[in-house]
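See below for the structure under consideration.
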Amino acid sequence: MAVHKAAFHGSRVTEESYLNVMNTYPYDSSLDWVIESPNGEFVASCLIWFDEENKVGLLEPVGTDPRFSRMGLASSVCKLALNALRDNGAKTAVVVCTSPKTHEFYKSIGFETFAQTKSFHRLKNAL
């Protein structure tokens, strides 16, 4: 949880909300991946949601403590997760990108753009 808080500044995730996530189908704690620093601190993490019936895995969330950024840890933890998905029978892995920075990161580890979502909002004073 500490790596999540560090990676996602302003996150509203609490111990209680994380426990709720852990009790949600199809959560499987054996598919949580972390990288530890030499002093035992978790510094990068990737959680996998695996749909066994459709053989699809979702990597979400993926994060790195900013003190350890630009060291290849997010890439490494994602590759560990992808290997675990393959070992569990996954045929497809997906991620959801919300910024050009994350898009480029996932592209760098072999993901390809499949679909895009566009959001439209009506301005309050537009009428």
Side-chain angles (χ1 to χ4, degrees):
M1 175 121 146
V3 68
H4 180 88
K5 287 280 197 185
F8 302 101
H9 181 71
S11 171
R12 295 177 292 165
V13 173
T14 64
E15 300 257 349
E16 183 180 353
S17 67
Y18 192 73
L19 286 173
N20 288 336
V21 166
M22 293 173 72
N23 289 315
T24 302
Y25 177 81
Y27 177 80
D28 177 353
S29 63
S30 71
L31 296 176
D32 283 354
W33 291 89
V34 296
I35 293 180
E36 289 183 43
S37 70
N39 68 0
E41 181 179 17
F42 290 169
V43 296
S45 66
C46 177
L47 189 141
I48 302 170
W49 295 89
F50 182 45
D51 176 348
E52 291 183 49
E53 185 175 330
N54 294 299
K55 306 295 184 208
V56 175
L58 169 68
L59 280 65
E60 193 278 323
V62 175
T64 302
D65 184 319
R67 297 173 299 153
F68 297 86
S69 65
R70 312 292 307 158
M71 299 174 82
L73 300 177
S75 175
S76 294
V77 79
C78 284
K79 289 174 184 175
L80 289 166
L82 291 167
N83 286 334
L85 278 173
R86 182 197 60 226
D87 293 347
N88 279 279
K91 302 292 181 203
T92 304
V94 296
V95 295
V96 177
C97 298
T98 57
S99 74
K101 182 178 175 183
T102 56
H103 183 265
E104 289 305 312
F105 165 72
Y106 288 116
K107 220 169 123 181
S108 77
I109 61 171
F111 282 89
E112 298 174 357
T113 301
F114 176 74
Q116 292 183 339
T117 301
K118 301 286 184 185
S119 296
F120 296 89
H121 302 274
R122 187 164 98 190
L123 300 175
K124 290 181 182 180
N125 297 324
L127 295 176

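One is the number of the first residue; the rest follow in order along the sequence.
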**Message:** Checking F68 against V3 for the side-chain contact (heavy atoms from CB on, under 4.5 Å) test, could you report, in this order, the C-alpha distance in whole Å, the side-chain angles of both residues, the deciding distance, and whether it holds?
**Reply:** CA-CA 10 Å; F68 297 86; V3 68; over 6 Å; no
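- Contact check for P26 versus W49: side-chain heavy atoms found under the 4.5 Å cut-off.
- Rounding to the nearest 0.5 angstrom, the gap separating the CD1 atom in I48 from the OG atom in S29 is 11.5 Å.
- Between F50 and V56 the shortest heavy-atom distance is CD1-O, 3.4 Å.
- The backbone N or O of G72 sits less than 3.5 Å from a side-chain atom of S76, completing a donor-acceptor pair.
- By the neighbour-count criterion of 12 heavy atoms within 6.0 Å, atom CD of E52 is sparsely surrounded, having that number or fewer from other residues, nucleotides or ligands.
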When the side chains of residues 58-66 are checked against the rest of the protein, which donor-acceptor pairs come out under 3.5 Å, sequence neighbours left out?
{"from": "D65", "atom 1": "OD1", "to": "R67", "atom 2": "N", "distance (Å)": "2.9"}
{"from": "D65", "atom 1": "OD1", "to": "R67", "atom 2": "NE", "distance (Å)": "3.2"}
{"from": "D65", "atom 1": "OD2", "to": "R67", "atom 2": "NE", "distance (Å)": "3.2"}
{"from": "D65", "atom 1": "OD2", "to": "R67", "atom 2": "NH2", "distance (Å)": "2.8"}

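- A donor-acceptor contact closer than 3.5 angstrom is absent between the side chains of N23 and N20.
- The shortest non-hydrogen separation linking A93 to L82 is CB-CD2, 3.5 Å.
- Taken from CG in L85 to CG in L31, the straight-line distance is 6.5 Å, to the nearest 0.5 Å.
- Although no hydrogens or angles enter the test, the distance criterion places a donor-acceptor pair under 3.5 Å between the side chain of D28 and the main chain of S30.
- H4 contributes atom NE2, which lies 15.0 Å from atom CZ of F42 (distance to the nearest 0.5 angstrom).
- Counting heavy atoms of neighbouring residues, nucleotides and ligands inside a 6.0 Å radius, atom OH of Y27 exceeds 12 of them.
- Checked by atom type and distance alone, the side chain of K5 pairs as donor or acceptor with a backbone atom of V13 at under 3.5 Å.
- L47 and V94 fall within a single hydrophobic cluster, where Ile, Leu, Val, Met, Phe, Trp and Tyr are joined by side-chain heavy atoms under 4.5 Å apart, directly or via other members.
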List the atom pairs, donor and acceptor, that lie under 3.5 Å between side-chain atoms in residues 105-117 and the rest of the protein, sequence neighbours left out.
{"from": "S108", "atom 1": "OG", "to": "F105", "atom 2": "O", "distance (Å)": "2.5"}
{"from": "T113", "atom 1": "OG1", "to": "H103", "atom 2": "NE2", "distance (Å)": "2.7"}

